[in-house]
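Taking it in order: structure first as structure tokens, then the write-up.
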Amino acid sequence: MHDLKEIRQQPERFRRGVEKKGGSGADVERLVALDTRRREVLIRVEALRAERNRSSEAIAASRRQGQSVDEAMQAAARGLGEQIRQVEAELAEVEPEIDRILRALPNIPNDDVPEGDESQNREVRRWGEPAVFDEPAKPHWEIGVELGIVDFERAGKVSGPRFAFLRADGARLERALIDFMLDLHTRKHGYTEIWPPLLVNADSAFGTGQLPKFGQDMFQTTDGYYLIPTAEVPVTNLHSGEILSAADLPLRYCAYTPCFRSEAGAAGRDTRGLIRNHQFNKVELVKFTTEEDSYSELESLRRDAESVLEALGLPYRTVVVATGEMTFSNARQYDLEVWFPAQNMYREISSCSNFEAFQARRANIRYRSEAGDVRHVHTLNGSALAVGRTFAAILENYQQRDGSVMVPKALRAYLGGQDRIARG
RNA sequence: GGAGGGAUGUCUGAGCGGUUGAAAGAGCCGCACUCGAAAUGCGGUAGGCGGGCACAAACUCGCCUCGUGGGUUCGAAUCCCACUCCCUCCGCCA
């Protein structure tokens with residue numbers, strides 16, 4: 001959510017920014033007009049309230065001196081109350097409309113973000129050499145099924161499309177990846193591990209920006225909870241409504257959770273495999289910091305995510321995501337894309353974003369600076385990594401001619417020293 | 001599910017119709033003492049919105065806010081209603 005005062009001061013900047021993010025510039029213009037109207041009415045209503053307060057004060061003063069209450073004074077005050085009620089009704093027309101528009105307005109991109117659609121994403125890093133295969137590389141869903149470690153058919157029977165069972169070494173590999181990532185971030189990168197609720201209320205979903213516009217992307221329970229689409233939601237809202245101390249910043253959290261997404265609107269895309277399932281595991285990094293530090297924290301966050309791929313020996317590239325492909329709430333977004341040999345392309349495995357104060361305003365997360373003033377924090381988060389996609393990338397990049405899959409060295413300790421997954 | 005208690009500022013915690021936007025303590029900031037620190041003493045310290053000011057800061061005036069929403073009243077932290085959340089006990093249960 002934006003600060004209405006900032007929009008008032010720089011309407012053109014917001015209009016352009018919102019349009020780059022696919023929002024409506026007309027909404028910004030409407031907001032400015034409504035804001036002007038609101039302040040006019042507010043001045044009137046506040047003057048009336050001040051008058052009423054003065055007369056109530058006068059009644060109180062004369063009571064205190066033991067004088068009897070002046071009927072005329074009371075009647076006048078009552079009349080003021082009626083006038084106030086009328087002007088307040090005008091406010092009640094304007095304010096909900098301002099609120100409605102403001103809450104649905106996307107964040108605006110930081111200056112350094114390339115404009116345009118996905119094709120304008122700017123590569124900033126490329127790491128690792130894609131392996132060369134004698135025969136065409138198999139897709140991970142074939143490898144996994146042939147090894148007996150992934151089962152889509154039975155998942156279809158038990159749940160439906162876009163689900164998977166993992167079995168034996170598959171289930172162990174998934175668990176090993178989660179442990180490996182958590183250990184890396186908590187021991188080497190200084191994050192505090194969190195195990196959050198997997199169901200959240202509507203306020204929390206609003207705080208991070210899933211609501212009001214993207215409710216259909218989440219699974220909702222019959223009694224008003226949402227299954228989290230990412231740990232970002234509960235972990236960012238961990239400090240909602242709080243005023244943190246500057247001395248505590250930055251706060252760095254790390255959380256493994258299952259994530260649930262309805263994938264409404266993704267019909268027909270990535271219907272096979274582990275890339276786009278309704279349920280997947282993810283290790284998420286979340287930071288709370290100051291506006292001075294948030295962009296350097298974004299760089300280190302991105303490095304922390306990249307280090308997972310490097311430790312696992314998976315070739316990847318990092319792109320700055322162009323304005324048209326960015327999410328609703330963020331101001332700058334890096335995507336990490338891992339190499340999938342069977343598809344012969346890099347595909348997203350992590351998204352690292354700086355939300356600046358956008359989420360902090362929605363969730364009301366502030367801090368008291370050393371100077372003593374209260375300001376909104378900047379929030380950041382990034383996947384490090386999406387576990388299901390990492391699992392898939394390992395199968396494809398480490399596949400052997402005999403159908404087995406080598407285990408990346410960094411992971412072997414988590415699999416009791418096992419260096420290969422073969423048909424069992 | 002049943003019975004009861006509670007929600008106040010950065011935190012703990014008083015207040016229970018009118019100088020209470022709020023006692024006290026802690027924390028934090030400033031100053032004094034000190035070579036420095038600790039300890040001690042003195043002072044300051046809620047948030048939001050709007051006006052004035054050419055922007056901003058500072059300053060200043062006003063409005064709103066004591067879980068949320070509504071009501072009673074000239075006037076509500078204080079009374080009434082609804083809701084949310086937390087705690088205790090009982091029941092049930094992984």
Side-chain angles (χ1 to χ4, degrees), chain A residues 1-14 31-99 102-103 195 197-207 221 223-226 234 237-249 251 288 290-292 357 360-377:
Chain A
M1 202 156 64
H2 295 295
D3 183 343
L4 197 49
K5 271 184 285 192
E6 286 177 17
I7 294 179
R8 185 189 305 153
Q9 284 159 8
Q10 307 179 61
E12 192 50 26
R13 175 173 155 247
F14 280 89
L31 217 39
V32 171
L34 287 165
D35 173 56
T36 303
R37 166 117 192 272
R38 169 177 172 266
R39 283 182 294 144
E40 286 165 3
V41 178
L42 201 56
I43 288 166
R44 282 195 284 140
V45 84
E46 285 185 358
L48 286 168
R49 284 174 183 159
E51 202 178 332
R52 181 189 58 189
N53 289 346
R54 277 192 298 273
S55 69
S56 283
E57 192 50 45
I59 292 170
S62 75
R63 281 255 320 234
R64 231 173 289 128
Q65 288 165 14
Q67 293 170 12
S68 65
V69 180
D70 186 333
E71 284 296 329
M73 274 171 92
Q74 280 200 17
R78 213 172 295 140
L80 275 173
E82 189 45 46
Q83 282 186 61
I84 289 168
R85 225 177 280 263
Q86 281 173 22
V87 184
E88 279 175 341
E90 287 184 54
L91 261 192
E93 287 172 25
V94 182
E95 287 186 329
E97 180 69 359
I98 289 176
D99 239 44
L102 207 50
R103 291 157 66 103
W195 174 240
L198 306 182
L199 295 171
V200 295
N201 60 29
D203 283 346
S204 296
F206 172 77
T221 69
D223 46 2
Y225 291 108
Y226 294 87
N237 281 286
L238 184 61
H239 293 298
S240 64
E242 297 183 16
I243 298 179
L244 304 165
S245 165
D248 295 335
L249 301 178
L251 288 168
F288 299 81
T290 63
E291 64 180 300
E292 288 80 13
R361 279 194 207 95
R362 296 169 84 89
N364 195 218
I365 310 167
R366 295 172 295 174
Y367 74 101
R368 194 178 301 281
S369 75
E370 261 120 34
D373 56 326
V374 173
R375 302 191 293 190
H376 286 100
V377 299

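Note that the structure is a prediction, hence the values are computed from the model and not measured. So that the names make sense, note that chain A is the first sequence line, chain B the second, and so on, each numbered from 1.
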Sort me out a list of protein N/O and nucleotides 48-55 of chain B N/O pairs below 3.5 Å, or just none if empty.
unit_1	atom_1	unit_2	atom_2	d
B:rC49	OP2	A:Lys5	NZ	3.4
B:rC49	O2'	A:Arg38	NH2	2.9
B:rG50	OP1	A:Arg8	NH2	2.5
B:rG51	OP1	A:Arg39	NH1	2.8

side-chain contact (heavy atoms from CB on, under 4.5 Å) partners of A:Tyr225, counting only residues at least two apart: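 Partners of A:Tyr225 under the side-chain contact (heavy atoms from CB on, under 4.5 Å) test: A:Leu199, A:Thr221, A:Asp223.
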Residue list, side-chain contact (heavy atoms from CB on, under 4.5 Å) with A:Gln86, at least two apart or on another chain: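 Testing A:Gln86 for side-chain contact (heavy atoms from CB on, under 4.5 Å), a comparison that skips the adjacent residues, returns A:Glu82.
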Canonical and wobble pairing (Watson-Crick, G-U, under 3.5 Å) of RNA chain B, dot-bracket with |: ((((((((.[[[..)..(.....]]]((((((.......))))))(((((((......))))))).[[[[[..)....]]]]])))))))....
Residue list, ring-ring contact (aromatic ring centres under 6.0 Å, His included) with A:His376, at least two apart or on another chain: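 So A:His376 forms no ring-ring contact (aromatic ring centres under 6.0 Å, His included) with any residue.
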Pairing residues for A:Tyr367 by the ring-ring contact (aromatic ring centres under 6.0 Å, His included) criterion, not counting sequence neighbours: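 A:Tyr367 satisfies ring-ring contact (aromatic ring centres under 6.0 Å, His included) with no other residue.
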Any side-chain heavy-atom pair of A:His239 and A:Val377 under 4.5 Å: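 A side-chain contact is absent here, since even the closest heavy-atom pair is not under 4.5 Å.
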Set of salt bridge (Lys or Arg N to Asp or Glu O under 4.0 Å) partners for [X], sequence neighbours left out:
| X | value |
| --- | --- |
| A:Arg52 | none |
| A:Glu40 | none |
| A:Arg368 | none |
| A:Glu291 | A:Arg375 |

Using nucleotides 57-60 of chain B, report all nitrogen or oxygen pairs with the protein that are shorter than 3.5 Å.
none

Those residues of residues 75-91 of chain A lying under 4.0 Å from RNA chain B by at least one heavy atom: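 Within this stretch, A:Ala77, A:Arg78 sit under 4.0 Å of the strand.
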Listed nucleotide nearest any side-chain atom of A:Arg49, set B:rC64, B:rG18, B:rG62: B:rC64
